[in-house]
Novice: 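Take a look at the following structure, please.
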Number of protein chains: 2
Amino acid sequence: MTIERPSVLQPEMPATRWGDPDHATGLPDGVRDLVGLVFPLQGTPARVEVSVPASRLTDDQVAGLRAIVGADHVVLDDRLRRQRTRGKSTPDLLRQRAGDLGDAPDVVVRPAGHDEVVAVLAYAAEQRIAVVPFGGGTAVTGGLVADPAGLTGVLSLDLGRMRGLLALDPVSSTAVLEPGLRGPEAEALLAAHGLMLGHFPQSFEYATIGGFAATRSSGQSSAGYGRFDAMVVGLRVATPAGEVRLGSAPANASGPDLRELFLGSEGTLGVITEVTVRVRPLPEVKAYEGWRWESFAAGADAMRALAQSDLLPTVIRLSDENETAINLADPTGIGGEGNAGCLMIVGYEGAPAAVAAKQAAVTEALTALGGDPQGSGPGEAWAHGRFDAPYLRDSLLDVGVLVETLETATFWSNRENLYTRVKAALEESLGEGTMVLCHISHVYATGCSLYFTVAAPAGDDPLARWLPAKAAACEAIVAAGAAITHHHAVGTDHRPYLTAEIGEVGVEVLRAVKQAVDPAGILNPGVLIP
Amino acid sequence: MTIERPSVLQPEMPATRWGDPDHATGLPDGVRDLVGLVFPLQGTPARVEVSVPASRLTDDQVAGLRAIVGADHVVLDDRLRRQRTRGKSTPDLLRQRAGDLGDAPDVVVRPAGHDEVVAVLAYAAEQRIAVVPFGGGTAVTGGLVADPAGLTGVLSLDLGRMRGLLALDPVSSTAVLEPGLRGPEAEALLAAHGLMLGHFPQSFEYATIGGFAATRSSGQSSAGYGRFDAMVVGLRVATPAGEVRLGSAPANASGPDLRELFLGSEGTLGVITEVTVRVRPLPEVKAYEGWRWESFAAGADAMRALAQSDLLPTVIRLSDENETAINLADPTGIGGEGNAGCLMIVGYEGAPAAVAAKQAAVTEALTALGGDPQGSGPGEAWAHGRFDAPYLRDSLLDVGVLVETLETATFWSNRENLYTRVKAALEESLGEGTMVLCHISHVYATGCSLYFTVAAPAGDDPLARWLPAKAAACEAIVAAGAAITHHHAVGTDHRPYLTAEIGEVGVEVLRAVKQAVDPAGILNPGVLIP
């Protein structure tokens, strides 16, 4: 087939905030007043505007890169280098707002396709330039911050020109996507064929296919459509040692599954240049509804029962008591009535008969387990606002409220222990006035994720307040024997904790693989691998 | 919990045949007559009885091993070394029958648990002794044949004393199993708690938990319960470089999933000493039924439709026209009536309401797709004889019929091409009188496995007839771009074809990992890694 490209591209995000500036609404007055009841409001500090540091690349290096991708696609200008500096965690935003551009890449290079990526990697290896693959720029764990020690500079490998649907196999239900496609762009290309991917993480509107694969992203419909890594059937990866093509079949016994080595490799083992994914027919019906539970434990037990009966709907998420009271799904309703207990959102998507059958079976099960149906109102409210939380974070940061999220996963029998430990660690570190909210949004037969949202007074130096709190939460996660991350990835922020999770031998294995595919150590140095 | 051990152990298999000698029935006379209509029958060649070669280990080495596991568990006797020679492929059986014991291990060592495995590996690395992990001995691709070049001998690391249920977490639905538990033993231990694993490959009665993990086994209920690798949530692995414990959560984004590196590693990267698996309630209902399709393509399209609608039953398998006519599920019915078209077996297991709902939905779908329901008779016949095929192979080998199986997997759009190529390659290589049967027994949304059974006159030297046929089939699989194995693993037989599947860089990655965890190169040398 001819390569198909999206007709509408998502806008670029500004360096200091999330999303589309035209979409940001700020805090509604009523919400601002309510927030003011809980947190001391501050004015937004003046933005510190500084220039990005001078590029460390030599003229010869710039010329060498231009020879590969063309002069237009080797970009040294301030604006683009600023936008390619770090990701969108709260620390990233705070540093950008404070004018800290110390991690700015020296150059932004935009290859047109796999072959140019291969050539850029070869040149960067020869020149000892660090390469940071850049997709949507939505990283929240420091995955875009390379350590250039011993290297000559940092190259942001912007995959934004690689936004094609390369192939579609409707019989096998697979599509080959380029890594630079953002979520809505990929879905639009597939929708033209009546198909979809069905991967809707919080970052959906800006994050890219390559990033989903490189970080093991998980979306809001993971109960029905699976994690992103479970959707991947094939990968093409450019490494300094050569190309890797994987995915001879949906599953095989041809030794270790090397797809699972490059999935989650966060740019340290190669640049993912093509992703073959399972696609599905667009759902004819979508129905989202609310259920109320007496407690977080009761709701979690119900999720567990569904997962262990292989009776999961498409979407299932459960807010704890605090999150239910605040109702992030509908911030205009903060402080409203009917926010007691714990709210669960249950969503069904698919063909009408299949949805009806699943909905009937799940409804029967949840009713038997003590759930109180709330109708479609809460479900529609959630669906309406499902990608808005990062905008709200910006607005809260503007008025002096420190807001950040973190997540983990564990087995069901450890859920309560993990929840209690992480919550206590955050509250203790941040002190009085801290609000910790939590939800479960990814469930498995054997366990679930826990996703925490933290809000606290920003104080004079919110970064100095947040970093020890994050460390305390990570230590609590490790102490509980849980995963340091369920879907945000390791990056630089979680790197100190990876050894506790995979052991010294596991780390040695990663180092050995890296040495084999990237002997010059140019690929995202300092990220992921301890 | 206290470690629980099976009260009844599966018997040992003889060196030259499959299974329990008391269970082997030989060919019923009627079947023998029918087979004689197709193939020229021969008498069973006299078994050649030779002694195993003298052990190459020194007295000091034997003493060193005895110091680790105890004198009783360092076994040099002829019988056990003979039984630990190779696996149960047709070439393995033919070599054993011909008295070829060239690959016999020099010693059989039986560790009691993880710590003894660690100590044996350290000693073997120091002494440069090849270590072949041995579970059920059911390997069919040469995974038990180590190449001792440059080493001082071959040690069969028999995991048969490690047969414990180490832990059970009923809340999370997980169990920690030792690697030496055979399928029925593991199921019996779990059944005592009302639970099951649900992994029923053809080798179920003899193969072990460790082997299932090390080879990425897939069972007859894979549509409902998943491949074995998908059941695994945690692994403990002993390597010469140290221990690896993996599985912090059902899923995570903590970098590459190293579980998927040790799954399928076939003893080359470590010895799996504990496997944490998802368990399920024992099904209250089991129903198996037959469906008839006009053609293999029509039946395959129906399987595809179910898989792509996420509407799979617990068991689904489809025989091609040849296999349907022969009806391996019921060899006493060979040549009987009603064997036109293609037979599909569909099985449902679970709670009554869930089974009824699934059965109704699948029945509606299959009917709409043109399937012809055959009632429970064919299903019950299949279920009754599901583990008997390897016994039948022995009986056919006895009368001069060469019988072997091989398998592969691909995406749906390539199914027909792969089927045609492999069948033609086998028929061309083996010549007139060859019968090639095929079934699909593992399906995914994006593709399926193809499992071929080949029967041909054995001639004077069946091994010399089979090896080029197998090579031709492998080359056809590679040419079709399919997986060299879906669930039989790579071993030594498929090793020449692995580079075609994962590429030079993929092979370099495996070598780098091996060098990191097994610098002395003692773990199953010559297996898997080209």
Side-chain angles (χ1 to χ4, degrees), chain A residues 169 171-174 215-216 227 233 239 241-246 248-258 260-261 264-265 278 308 357 361 409-413 444-447 481-490 498 501-506 508-510 512-513 515-517 528, chain B residues 169 171-174 215-216 227 233 239 241-246 248-258 260-261 264-265 278 308 357 361 409-413 444-447 481-490 498 501-506 508-510 512-513 515-517 528:
Chain A
D169 177 347
V171 173
S172 306
S173 283
T174 62
T215 62
R216 296 184 175 274
R227 296 165 57 85
V233 294
T239 83
E243 176 188 9
V244 193
R245 269 181 189 273
L246 298 166
S248 61
N252 65 52
S254 309
D257 192 341
L258 297 182
E260 298 285 353
L261 199 55
S265 62
R278 173 189 177 182
Q308 292 179 349
T410 192
F411 296 101
W412 289 114
S413 59
Y444 307 88
T446 58
I484 194 66
T485 169
H486 172 266
H487 59 272
H488 279 177
V490 177
L498 188 62
E501 185 158 337
I502 65 171
E504 293 285 353
V505 175
E508 283 306 321
V509 164
L510 291 183
V513 174
Q515 177 65 28
V517 297
L528 175 63
Chain B
D169 177 348
V171 173
S172 306
S173 283
T174 62
T215 63
R216 295 183 175 276
R227 299 164 56 83
V233 294
T239 84
E243 174 188 10
V244 192
R245 270 182 188 271
L246 298 167
S248 60
N252 64 52
S254 309
D257 191 340
L258 297 181
E260 299 285 351
L261 200 55
S265 62
R278 174 189 177 180
Q308 293 179 348
T410 192
F411 296 100
W412 288 114
S413 59
Y444 307 88
T446 58
I484 193 65
T485 169
H486 173 264
H487 58 272
H488 279 177
V490 176
L498 188 62
E501 186 159 336
I502 65 170
E504 294 285 353
V505 175
E508 283 306 320
V509 165
L510 292 183
V513 174
Q515 176 65 25
V517 296
L528 176 62

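Residue numbering restarts at 1 for every chain, and letters A, B, ... go by the order of the sequence lines.
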Novice: Please look at B/Asp169 and chain A and tell me whether the side chain, the backbone, both or neither of the residue comes under 4.5 angstrom of a heavy atom of that chain.
Specialist: side chain
Novice: Do you know which of B/Ala409, B/Gly255, B/Ser265, B/Gly503 has the most heavy-atom pairs under 4.5 Å to chain A?
Specialist: B/Gly255
Novice: Need one label for B/Phe411: side chain, backbone, both or neither, based on atoms under 4.5 Å from any heavy atom in chain A.
Specialist: both
Novice: Which one of B/Ala241, B/Ala249, B/Ala253 has the most heavy-atom pairs closer than 4.5 Å to chain A?
Specialist: B/Ala253
Novice: I need the residue from B/Gly506, B/Ala445, B/Ala357 with the largest number of non-hydrogen atom pairs under 4.5 Å to chain A.
Specialist: B/Ala445
Novice: Report which part of B/Leu258 has an atom under 4.5 Å of a heavy atom belonging to chain A: side chain, backbone, both, or neither.
Specialist: side chain
Novice: With a 4.5 angstrom heavy-atom cut-off, is it the side chain or the backbone of B/Arg227 that approaches chain A, or both, or neither?
Specialist: side chain
Novice: Do you know which of A/Thr485, A/Val505, A/Thr215 has the most heavy-atom pairs under 4.5 Å to chain B?
Specialist: A/Thr485
Novice: Could you look at B/Leu246 and say if it's the side chain, the backbone, both or neither that has a heavy atom under 4.5 Å from chain A?
Specialist: side chain
Novice: Compare every heavy atom of B/Tyr444 with every heavy atom of B/Trp412, then report the nearest pair and how far apart it is.
Specialist: NE1-O, 3.0 Å
Novice: Please flag which part of B/Thr446 lies under 4.5 Å from any non-hydrogen atom of chain A: side chain, backbone, both or neither.
Specialist: both
Novice: Is it the side chain or the backbone of B/Glu504 that comes within 4.5 Å of chain A heavy atoms, both, or neither?
Specialist: neither
Novice: Please answer whether the main-chain N or O of A/Ser413 pairs with a side-chain N or O of B/Ser172 as donor and acceptor at a distance below 3.5 Å.
Specialist: yes
Novice: With a 4.5 angstrom heavy-atom cut-off, is it the side chain or the backbone of B/Leu498 that approaches chain A, or both, or neither?
Specialist: side chain
Novice: For B/Arg216 and A/Asp257, which heavy atoms make the closest approach, and how far apart are they?
Specialist: NH2-N, 3.1 Å
Novice: Could you check which of B/Val509, B/Val513, B/Leu261, B/Ile484 has the highest count of heavy-atom pairs closer than 4.5 Å to chain A?
Specialist: B/Leu261
Novice: Name the member of B/Ser254, B/Ala516, B/Ala483, B/Gly447 that forms the most heavy-atom pairs with chain A at distances under 4.5 Å.
Specialist: B/Ser254
Novice: Write down the atom of A/Val244, the atom of B/Ile502, and the distance for their closest heavy-atom approach.
Specialist: CG1-O, 4.2 Å
Novice: Nearest heavy-atom pair of B/Ser248 and A/Glu501: which atoms, and what distance?
Specialist: OG-OE2, 2.7 Å
Novice: So which part of B/Val517 gets closer than 4.5 Å to some heavy atom of chain A, the side chain, the backbone, both or neither?
Specialist: side chain
Novice: Count the heavy-atom pairs under 4.5 Å between each of A/Pro256, A/Gly242, A/Ala512, A/Ala361 and chain B, then report the option with the highest count.
Specialist: A/Pro256
Novice: For chain B, find which of A/Glu508, A/Gln515, A/Arg245, A/Arg278 contributes the most heavy-atom pairs closer than 4.5 angstrom.
Specialist: A/Arg278
